[in-house]
Amino acid sequence: MLVSWNTTNACNQNCAHCYRDAGAARQEELNTGEAKALIDRVAAAGFKIFIFSGGEPLLREDIYELVAHAHRKGLRPVFGTNGTLITAAVARRLKEAGAAVMGISLDSIDPAAHDRFRRTGGAWEAAVAGMRYCAEAGLPFQVHTTVMDWNYDEVEALTDLAVRLGARGHHVFFLVPTGRAVEIEHTTLRAAAYERLLRRLLEKQQTVDIEVKPTCAPQFMRIARQLGIPVKYTRGCLAGLSYCLIDPVGNVQPCAYLEVVAGNIRETPFDVIWRTAEVFVRLRTRAYSGACGVCEYQDVCGGCRARAYYYHGDYMAEEPWCLYRPREKSHAVG
């Protein structure tokens, strides 16, 4: 079980796809005491992995204190960061505080293309330097790539770059239109390209020693089963089942891209929200409609609930960009 906390809305970049529409810090973001209390509740609820994300989490002055607190509580502190603020000293302090893995964004093998997407000059070079500082400090890191139509053909090259840089994994995020990403919805992969890339990633995994993981594309589990490729995961979409997100002011939602508020930790304890909120209870029924409701791969896939919500207005609807047509549905139509 894992939880992601958007530590702040502040960010030193202005990325085109930012689901949080980050830039300036929001008023009344959780303070240090509230953040520690949240960490305590998350640990008590049985979660194992605590993701510090943002905005840019390294902009929080208390970040090392909070990482150390999470580590003491038995959680595995990991990061989602743009990597540009990681210096040799920062990497050492994170390692000493108990950070387990840094997830650092890199969206192209072309520095200029990455910088345009991140709307920040020098972002590519700074992110790669951050990775090297992590390696020097003995702090494991993985590369995070958001894939769209413009970088679709270079994903495997990014995996190879991750290998050369010493990453432990390459996680490929399939764009979901939320936040600023709504403005670039036209760049999202449609069904055929979506399916092809998932197959390519599963095939690429067979050729490298690092983990290659599609994210926000739960159909990879169905494709792995169809191809007879073993994977260590048990399910594609985890939203509301074993994963949720807390935003900078304490709102809880099923995932970063499914903007349905389950409650606020300032009003209701996190563990109570996790157990009882209507959106979580409904997601756990897995009573999906459309193709997802009759699909024989429902147990391992589940479809992207955030994408269903964006395109259909219902997070229990069918995944809109899945190419597969279930046998049950085909028989019913025929």
If you measure from [atom1] on [X] to [atom2] on [Y], what distance do you get to the nearest 0.5 Å?
X: Asn264; Y: Ile273; atom1: CG; atom2: CD1; answer: 6.5 Å
X: Tyr297; Y: Gln219; atom1: OH; atom2: CD; answer: 12.5 Å
X: Tyr309; Y: Leu258; atom1: OH; atom2: CG; answer: 7.0 Å
X: Gln253; Y: Phe280; atom1: CD; atom2: CZ; answer: 8.5 Å
X: His17; Y: Thr178; atom1: NE2; atom2: OG1; answer: 9.5 Å
X: Glu195; Y: Trp321; atom1: CD; atom2: CH2; answer: 14.0 Å

Apply side-chain contact (heavy atoms from CB on, under 4.5 Å) to the pair Glu203 and Glu156, showing each step before the final yes or no.
CA-CA 10 Å; Glu203 291 166 359; Glu156 291 94 336; over 6 Å; no
In terms of hydrophobic clustering (I, L, V, M, F, W, Y; side-chain heavy atoms under 4.5 Å; direct or indirect links), are [X] and [Y] co-clustered?
X: Ile51; Y: Phe47; answer: no
X: Phe174; Y: Leu106; answer: no
X: Ile223; Y: Val300; answer: yes
X: Phe141; Y: Ile63; answer: yes
X: Val212; Y: Leu227; answer: yes

When you look at Arg26 and Asp247, which way does the side-chain contact (heavy atoms from CB on, under 4.5 Å) test go after all the steps?
CA-CA 10 Å; Arg26 291 179 62 179; Asp247 78 4; 3.6 Å; yes
side-chain contact (heavy atoms from CB on, under 4.5 Å) between Val90 and Leu85, intermediate numbers included:
CA-CA 8 Å; Val90 167; Leu85 300 179; over 6 Å; no
Run the salt-bridge test on [X] and [Y] with the 4.0 Å N-O cut-off and return the result as yes or no.
X: Lys204; Y: Asp160; result: yes
X: Glu185; Y: Arg190; result: yes
X: Arg275; Y: Asp271; result: yes

Report the C-alpha distance between Glu136 and Lys95 in whole Å, list the side-chain angles of each, state the deciding distance to 0.1 Å, and finish with yes or no for salt bridge (charged side-chain N to carboxylate O under 4.0 Å, His left out).
CA-CA 11 Å; Glu136 291 171 5; Lys95 174 74 172 178; over 6 Å; no
Could you check if a side-chain atom of [X] sits within less than 4.5 angstrom of a side-chain atom of [Y], using non-hydrogen atoms only?
X: Trp5; Y: Leu66; answer: yes
X: Met221; Y: Arg225; answer: no
X: Tyr243; Y: Ile49; answer: no
X: Gln142; Y: Lys213; answer: no
X: Leu38; Y: Phe270; answer: yes
X: Arg305; Y: Val260; answer: no
X: Ile265; Y: Arg41; answer: no
X: Leu58; Y: Ile86; answer: yes

Does Thr145 form a side chain to side chain donor-acceptor pair (under 3.5 Å) with Asn151? I'd like the steps, not just the answer.
CA-CA 9 Å; Thr145 298; Asn151 62 354; over 6 Å; no
Taking the six-membered ring for Trp, are His144 and His171 parallel (under 30°), tilted (30 to 60°) or perpendicular (over 60°)?
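Geometry flag for His171 against His144: parallel rings.
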Parallel, tilted or perpendicular: which describes the rings of Tyr257 and Tyr19, with under 30° parallel and over 60° perpendicular?
perpendicular
I want to check a possible cation-pi pair here: Arg284 against Trp274, using under 6.0 Å from ring centre and within 45° of the ring axis as the test.
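Checked: cation-pi criterion met.
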Report yes or no: is the cationic atom of Arg196 (NZ for Lys, CZ for Arg) closer than 6.0 Å to the six-membered ring centre of Tyr152, at no more than 45° off its axis?
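Judged by the rule, Arg196 and Tyr152 form no cation-pi pair.
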Sidechain-backbone polar pair: [X] side chain, [Y] backbone, donor-acceptor under 3.5 Å:
X: Arg282; Y: Tyr315; result: no
X: Arg307; Y: Pro320; result: no
X: Asn14; Y: Gly23; result: no
X: Glu318; Y: Ala291; result: yes
X: Arg180; Y: Ala22; result: yes
X: Asp115; Y: Gly121; result: no
X: Arg235; Y: Asp299; result: yes
X: Asn9; Y: Gly55; result: no

Show the nearest heavy-atom pair for residues [X] and [Y], with the distance to one decimal.
X: Ile39; Y: Ala70; answer: CG2-CA, 3.7 Å
X: Leu175; Y: Ala181; answer: CD1-CB, 3.8 Å
X: Cys292; Y: Glu319; answer: SG-N, 3.2 Å
X: Ala162; Y: Val143; answer: CB-CG2, 3.7 Å
X: Gly83; Y: Ile104; answer: CA-CG2, 3.8 Å
X: Ser108; Y: Trp124; answer: O-NE1, 2.8 Å

Are more than 12 heavy atoms from other residues, nucleotides or ligands located less than 6.0 Å from atom [atom1] of [X]?
X: Arg93; atom1: CZ; answer: no
X: Gln206; atom1: CD; answer: yes
X: Asn31; atom1: CG; answer: yes
X: His312; atom1: NE2; answer: yes

Verify side-chain contact (heavy atoms from CB on, under 4.5 Å) between Arg199 and Gln226, making sure each step is shown before the conclusion.
CA-CA 10 Å; Arg199 289 177 178 267; Gln226 289 174 320; 3.8 Å; yes
If only side-chain N and O atoms count, and only distance matters, is there a donor-acceptor pair under 3.5 Å linking Gln298 with Tyr288?
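Side-chain D/A pair, Tyr288 to Gln298: absent.
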Answer yes if the side chains of His69 and Asp40 hold a donor-acceptor pair under 3.5 Å, and no otherwise.
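Asp40 and His69 do have a side-chain donor-acceptor pair below 3.5 Å.
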Ring centres of Trp150 and Phe117 under 6.0 Å apart?
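Judged by ring-centre distance (under 6.0 Å), Trp150 and Phe117 do meet the cut-off.
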With sequence neighbours left out, which residue pairs that include part of residues 52-63 fulfil the side chain to side chain donor-acceptor pair (under 3.5 Å) condition?
Ser4-Ser53, Asn6-Ser53, Thr32-Asp62, Glu56-Thr81, Glu56-Asn82, Arg60-Asp62
